Amino acid sequence: MGFFVFLPLVLPLTSLPIARLAEHHLHPRNAVRLLSWIGVTMAVCSTLALGLLFVVGTAQIPGNPLPDSWSDPEIRTAVPFHEAVGTAAVVGLVTVLTACSRSLRRHLRIRARAQRALAPVPPGSELVVLPDPEPYAYAVPGGPGRVVVSTAMMDSLDADEQRALLAHERSHLANRHHRHLLAAQLASCVNPFLRPLQKAVGYGTERWADEEAAGSVGDRRLTARAVARAALVTRGSGPAPSFAAFAAPGPVPRRVTALLSPALGEAWPPPASPAGLAAMVAAAGTAVSAVSALNAAVALLLLVKAATPW
C-alpha cells in the first residue's frame with residue numbers, strides 16, 4: 001500500500017483550479033457535468049482510502065471483530081505510521097459516514113415533506129401556484145416533478161418575466177439538477193477539499209437553467225431582468241432551501257452579468273488555455289486518485305490473503 005493509500009485524500013486539491021475557472025470558460029452544462037464527475041469519482045476514491053486505513057486501524061484494537069490474521073504485523077506495517085494513521089482513519093470514516101447520512105436524510109426529508117404538501121394537486125399539474133405573501137419559486141423533483149411558485153413571486157414579474165422564470169424551473173426538472181446538487185453535497189461531506197466543487201456545481205446548475213430559459217424565451221436581457229427582479233423581491237431562501245431556486249441566495253449579480261454577456265460556446269477550451277490546463281490537471285488528478293485507490297486495495301487484499309491461514 002505504502003503512500004499510495006494517502007493520495008486519494010489529497011488529490012482533490014487538483015480540482016480547485018477548474019472549479020474556479022469553469023464558470024468563466026465552460027458552458028454551464030459542460031461545467032456541471034465535468035465537476036460532478038470529478039467530485040463523485042474523487043469522493044469514492046477518498047472513501048475507499050479511508051476504508052483501507054480503517055481496516056489497518058481497527059486491526060490493532062484489542063477485541064476488534066476482524067479476523068486475527070488481519071492484525072498481522074506485515075499488514076499493519078504496510079501503511080507508514082500505521083498506528084496514528086489507522087486511529088485517525090477510524091474517526092475520519094465514522095465522521096464521513098455520519099455527515100453523509102445526515103445530509104442524505106435531510107434531503108429526503110425535505111423532498112418527502114414537499115411531495116406530501118403537493119399531494120392534493122392534480123397529477124397532471126406541473127405548475128403549482130401557492131397563495132403566499134412570501135415570494136419564491138423552486139423545482140420539486142419526483143414523479144411527477146413540480147414547479148412551485150408563490151403568488152407574490154408571480155405578481156412581482158410581468159408576463160414575459162414569468163415565462164423566463166417557468167422555463168428556468170422546468171430546466172431544473174428536465175435536466176435533473178437535484179442529482180448533481182446532491183452528488184456534489186455528498187462528495188463535499190466525504191472530503192472537505194471538494195467543497196469548492198459543491199459551490200461551483202450549485203452555481204453551474206443555476207447558470208445552466210438560466211441559459212436554457214434565455215433560449216426558450218429568445219431574449220437573454222429579459223431573462224437577466226427576471227433573475228434580478230426576483231432576487232430583489234425575495235427576502236429569504238424560500239420554504240425548500242435544498243432545492244434549486246430561481247432567486248436563491250448566491251451570486252445573482254454574476255448570473256445577471258453572464259446573461260448580459262455573449263453566451264459561452266459548448267466547445268471545450270483549447271488545451272493550452274488556463275481552463276484547458278486546469279481541466280487536464282483535474283482529470284489527471286482524478287485518474288491518479290482512482291489508480292492509487294485501486295493499487296492500495298489490491299495490495300491490502302493480497303496481504304490479507306497471504307496472512308490468512310487456509
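A quick note: this is a predicted structure, and the numbers were derived from the prediction, not measured.
- Distance alone, capped at 3.5 Å, places no donor-acceptor pair between the S188 side chain and the L194 backbone.
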(request) Could you walk me through whether L16 and F193 pass the side chain to side chain contact (heavy atoms under 4.5 Å, CB included) test, one step at a time? (result) CA-CA 8 Å; L16 298 185; F193 293 144; 5.7 Å; no
(request) Please step through side chain to side chain contact (heavy atoms under 4.5 Å, CB included) for the pair T223 and V217, ending with a clear verdict. (result) CA-CA 8 Å; T223 307; V217 301; 3.5 Å; yes
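- Between V129 and S150, the closest heavy-atom pair is CG1-C, 4.4 Å.
- Considering NE2 of H24 and CG of L264, their distance stands at 10.0 Å, rounded to 0.5 Å.
- Looking at heavy atoms from C-beta onward, V252 lies out of side-chain contact with E206 at the 4.5 angstrom threshold.
- Counting only distance, with no hydrogens or angles, the side chain of Q115 and the backbone of V140 share no donor-acceptor pair below 3.5 Å.
- A chain of hydrophobic side-chain contacts below 4.5 Å, direct or via other Ile, Leu, Val, Met, Phe, Trp or Tyr residues, connects V121 to Y138.
- Contact record, G142 with R111: CA-NH2, 3.4 Å, taken as the closest heavy-atom pair.
- With S292 contributing its side chain and V5 its backbone, the two residues share no donor-acceptor pair below 3.5 Å.
- How far OG1 of T205 is from NE2 of H172: 6.0 Å, rounded to the nearest 0.5 Å.
- L97 and L50 fall within the same hydrophobic cluster, where Ile, Leu, Val, Met, Phe, Trp and Tyr residues are linked whenever their side-chain heavy atoms come under 4.5 Å apart, directly or through other members.
- Side chain of E169 to backbone of V147: no donor-acceptor contact under 3.5 angstrom is found.
- We find that R229 and E161 are joined by a salt bridge, their nearest charged nitrogen and carboxylate oxygen being less than 4.0 Å apart.
- Counting only distance, with no hydrogens or angles, the side chain of S171 and the backbone of A167 share no donor-acceptor pair below 3.5 Å.
- Between the CZ atom of R106 and the OG atom of S101 there is a distance of 13.5 Å, given to the nearest 0.5 Å.
- Classified by interplanar angle (parallel below 30°, tilted 30° to 60°, perpendicular above 60°), the ring pair H107/H178 is parallel.
- Using a 4.5 Å cut-off on side-chain heavy atoms (C-beta onward), W37 and T286 make contact.
- From L197, atom CG reaches atom CG of L35 across 5.0 Å, with rounding to the nearest 0.5 Å.
- Between A31 and A22, the shortest heavy-atom distance links the atoms CB-CB, 3.9 Å.
- Counting heavy atoms from C-beta outward, R113 and R109 have side chains that approach closer than 4.5 Å.
- R220 is not listed as a side-chain neighbour of L260, based on a closest heavy-atom distance of 4.5 Å or more.
- Separation of atoms OG1 (T14) and CD1 (I38) is listed at 7.5 Å; rounding is to 0.5 Å.
- Smallest separation of non-hydrogen atoms from L13 and P17: O-CD, 3.9 Å.
- Linking Ile, Leu, Val, Met, Phe, Trp and Tyr whenever their side-chain heavy atoms come within less than 4.5 Å puts L108 and L182 in one cluster.
- For the pair W268/N30, a side-chain contact is recorded, criterion being any heavy-atom separation below 4.5 Å from C-beta on.
- Side chain of S289 to backbone of L11: no donor-acceptor contact under 3.5 angstrom is found.
- For D158 (side chain) and D160 (main-chain N/O), a donor-acceptor pair under 3.5 Å exists by modelled atom type.
- Transitive grouping of hydrophobic side chains (ILVMFWY, heavy atoms separated by less than 4.5 Å) brings L173 and L127 into a common cluster.
- Taking the six-membered ring wherever Trp is involved, the centroid distance between the rings of F4 and F6 does not fall below 6.0 Å.
- Between the side chain of S103 and the main chain of C100, no donor-acceptor pair closer than 3.5 Å is present.
- Taking each heavy atom of G51 and L93 in turn, the nearest pair found is CA-CD2, 4.1 Å.
- Side chains of T151 and M154 form no contact here, defined as non-hydrogen atoms less than 4.5 Å apart.
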(request) Could you walk me through whether R207 and E23 pass the salt bridge (Lys or Arg N to Asp or Glu O under 4.0 Å) test, one step at a time? (result) CA-CA 9 Å; R207 284 284 300 115; E23 67 177 86; over 6 Å; no
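- Of all the heavy atoms in A213 and A164, the pair that sits closest is CB-O, 3.6 Å.
- Within the 4.5 Å cutoff, the side chain of V190 has no heavy atoms near those of the M42 side chain.
- Between the side chain of N191 and the backbone N or O of L9 there is at least one donor-acceptor pair closer than 3.5 Å.
- Cation-pi geometry between R255 and Y203 is not satisfied (NZ or CZ under 6.0 Å from the ring centre, within 45° of the ring normal).
- Under a cut-off of 6.0 angstrom, the local environment of CZ in R102 is sparse, with at most 12 non-hydrogen atoms contributed by other residues, nucleotides or ligands.
- Judged by distance alone, the side chain of R146 and the main-chain N or O of S125 form a donor-acceptor pair under 3.5 Å.
- Between R29 and E212, at least one side-chain N (NZ, or NE/NH1/NH2) sits under 4.0 Å from a carboxylate O, which counts as a salt bridge.
- Hydrophobic clustering keeps L222 apart from L259 (ILVMFWY residues linked when any side-chain heavy atoms are closer than 4.5 Å, directly or through intermediates).
- With a 4.5 Å cut-off on side-chain heavy atoms, L26 and P269 count as touching.
- Expressed to the nearest 0.5 Å, how far NE2 of H25 lies from CD1 of I18 amounts to 8.5 Å.
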